[in-house]
Amino acid sequence: MAYVFFGYFAGVIALTAVLVVAFRNPIYSALSLLIMFFHVAGLYVTLHAEFLAAVQVIVYAGAILVL
């Protein structure tokens, strides 16, 4: 079951990383980046690194995306 979650998170991360570069509208690019950050945090949760997941959400999705 863990492989299914890992495959889902990895696939969405790869897709949204491509979409960040491919979108010409900066709003769509930022939303794709936000989705990617949350899925990276979910990937950390599947690896039992809950602290890194929390830091990922707080620092990257919270602070850097605001810039």
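For clarity, every value in this text was computed on a predicted model and none was experimentally measured.
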Linked, directly or transitively: Val45 and Phe51 (ILVMFWY side chains, under 4.5 Å): no

Over all atoms of both residues, closest heavy-atom pair of Val57 and Phe38: CG1-CE2, 3.7 Å

Side-chain touch Leu33/Thr16, heavy atoms, less than 4.5 angstrom: no

For the student: nearest non-hydrogen atoms of Ser29 and Val20, plus distance: OG-O, 2.9 Å

Nearest-0.5 Å distance that lies between atom CG in Leu19 and atom OH in Tyr28: 12.5 Å

CZ on Phe37 to CD on Gln56, rounded to 0.5 Å: 6.5 Å

Shortest non-hydrogen contact between Ala53 and Ala41, atoms and distance: CB-O, 3.4 Å

Atom pair CG (Leu15) and CD1 (Ile35), whose distance is rounded to the nearest 0.5 Å: 9.0 Å

Distance, nearest 0.5 Å, that separates CD1 of Ile27 from OG of Ser32: 11.5 Å

Distance, nearest 0.5 Å, that separates CZ of Phe23 from CG of Leu31: 9.0 Å

Contact summary for Phe6 and Leu43, nearest pair of heavy atoms: CD1-CD1, 3.2 Å

hydrophobic_cluster_shared for Leu47 and Val12, side chain cutoff 4.5 Å: no

Geometric class of the His39/Phe9 ring pair [parallel <30°, tilted 30-60°, perpendicular >60°]: perpendicular

